[in-house]
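Structure first, commentary second.
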Number of protein chains: 2
Amino acid sequence: MLKLAILGLLQERPLHGYELRRHLAALTGHVRPISDGTLYPAIKRLETAGLLIRETEPGTAAAPRHTLHLTEAGQAALLARLRAPEELDITDENRWFTVLAFLRQLGDPAEQAAVLRRRLAFLNEPASFFYDGERPLGAEEFDDPFRRGLLLIARATTQTELSWLTETIAELDEH
Amino acid sequence: MLKLAILGLLQERPLHGYELRRHLAALTGHVRPISDGTLYPAIKRLETAGLLIRETEPGTAAAPRHTLHLTEAGQAALLARLRAPEELDITDENRWFTVLAFLRQLGDPAEQAAVLRRRLAFLNEPASFFYDGERPLGAEEFDDPFRRGLLLIARATTQTELSWLTETIAELDEH
DNA sequence: GCACCATACCTCGTAGTCGAGGTATCTCGG
DNA sequence: CCGAGATACCTCGACTACGAGGTATGGTGC
């Protein structure tokens, strides 16, 4: 998830670690901050995997800055992940939203629409595991104002996403 | 986060692992499924920490079922976590929603309202890191339909939560 | 001239999470 | 009576993430 976000940001333009940290914060910051201890190891992992390279520019600022560039393998990896959120990426909200943030980079409207359609299908699936036979699991939710709140919030989010999805798919289909 | 959810569910009633798995799925299932490889180690961690004990009932079903009970330490740990989402739990959406799911178990409306107020204050904080000097980081969002979608969804979620929070706090204040 | 903050990067140990695999038994349809 | 599917539990290796710490330098305010 972080990996995808880093690749996506670097595809837009090369950045050094600190800038990357700020852009990540801008993307998901308020609700899901990313610590240094998460970011820098992730950069290193991507580097050893050959997906990005660093160019050290000494003296520009206080510390020697390492400007990070995607390699061709990195760009390929990004596109592959955007194109194929097979199981994981559409299911998990975090990952899905990260895919969405960089979906623009797929370029082709038809491909973009295909990805959106997969998410749409997933959201429309009946959530079978919510039920235990007849009665919904956790039927006591309706006595509990806090669970009611959760339901309310979840429903609003899903509703907004659903209408946005159908609208946007229609727009993409008109090329 | 998973730890909190397990403690919360077991406080409501003792369960065995498989039931726990289903209730967890009902809580967060569609958007955030939990795998066995995550659940069972988590149970074991809580057990070694002395927060829960297992009672083996052989022969009830196919495999020997281990009914899990909270210990007193477990109940104390749950209450402590619900009462004190100091930094982490209000910030991170996942953790916060988990807190919400079990907030009922705090009992006292004044305490519950206090927790909600903390979340309210957090949501009303200006998201300072969204800006880089004057211009908002990622102002190009408005050229990108996908980022627009993200903004739309995020805003709807926050709006729903905000109005629910103020409403519920008012209700709690009337005891 | 010095304290303080922002910039910029990094390591460490710990802990959480994942998916893929495995092992049983019980139940029900054919 | 056989096989499929649900119930029930578990392990393993790999990866990801976390927070708390650390090291520097440059710029601003007093």
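Just so it is clear, the model here is predicted, and its values are computed rather than measured. For the numbers below, each heavy atom of this structure counts, side chains included, while hydrogens, waters and symmetry mates do not. Below, chain A is the first sequence line, B the second, and so on; all start at residue 1.
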Short N/O separations, protein against nucleotides 10-14 of chain C, under 3.5 angstrom:
unit_1, atom_1, unit_2, atom_2, d
C:dC10, OP1, A:R54, NH1, 2.8
C:dC10, N4, A:D36, OD2, 3.4
C:dT11, OP1, A:K44, NZ, 3.1
C:dT11, OP2, A:K44, NZ, 2.6

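Scanning for side-chain contact (heavy atoms from CB on, under 4.5 Å) contacts around B:L2 gives B:I6, B:L24, B:I34, B:T38, B:A42, with sequence neighbours left out. A search for side-chain contact (heavy atoms from CB on, under 4.5 Å) contacts involving A:A73 returns A:L51, A:T71, not counting sequence neighbours. Applying the side-chain contact (heavy atoms from CB on, under 4.5 Å) test to A:E111 and every residue at least two apart in sequence or in another chain returns A:R83, A:L106, A:D108. For the side-chain contact (heavy atoms from CB on, under 4.5 Å) test, residues two or more places apart in sequence or in another chain that qualify with A:T158 are A:L123, A:L162. Evaluation of the side chain to side chain donor-acceptor pair (under 3.5 Å) rule for A:T160 yields no partner, not counting sequence neighbours.
The separation between B:L24 atom CG and C:dT17 atom P is 11 Å, rounded to whole Å. One atom, CG of A:L2, and another, P of D:dC15, lie 16 Å apart when rounded to the nearest Å. Rounded to an integer number of Å, the gap from B:I6 CD1 to C:dG16 C1' is 12 Å. Counting to the nearest Å, the C1' atom of C:dT7 and the NE2 atom of A:H16 are 8 Å from each other. Remark: P of C:dT7 and CG of A:L15 are 15 Å apart, rounded to the nearest angstrom. Rounded to an integer number of Å, the gap from A:K3 NZ to D:dT16 C1' is 11 Å.
The two residues A:Q112 and A:G107 have their closest heavy-atom pair at NE2-N, 3.6 Å.
The terminal axes of the helix from C:dG1-D:dC30 to C:dG30-D:dC1, fitted over 5 pairs per end, subtend an angle of 30° to the nearest 10°.
Put simply, B:Y18 has no side-chain N or O that comes within less than 4.0 Å of OP1 or OP2 on D:dC9. The shortest distance between the side-chain N/O atoms of A:R45 and the OP1/OP2 oxygens of D:dC15 is not below 4.0 Å.
Within the structure, salt bridge (Lys or Arg N to Asp or Glu O under 4.0 Å) pairs that include any residue of residues 162-174 of chain B comprise B:R117-B:D173 (at least two apart or interchain). Listed by first and then second residue, the salt bridge (Lys or Arg N to Asp or Glu O under 4.0 Å) pairs involving residues 37-50 of chain B are B:E47-B:R54 (not counting sequence neighbours).
No donor-acceptor pair under 3.5 Å is formed between the side chain of A:E55 and the backbone N or O of A:H69.
Residue contacts shown for A:R21 are absent, as no nucleic acid heavy atom lies under 4.0 Å away.
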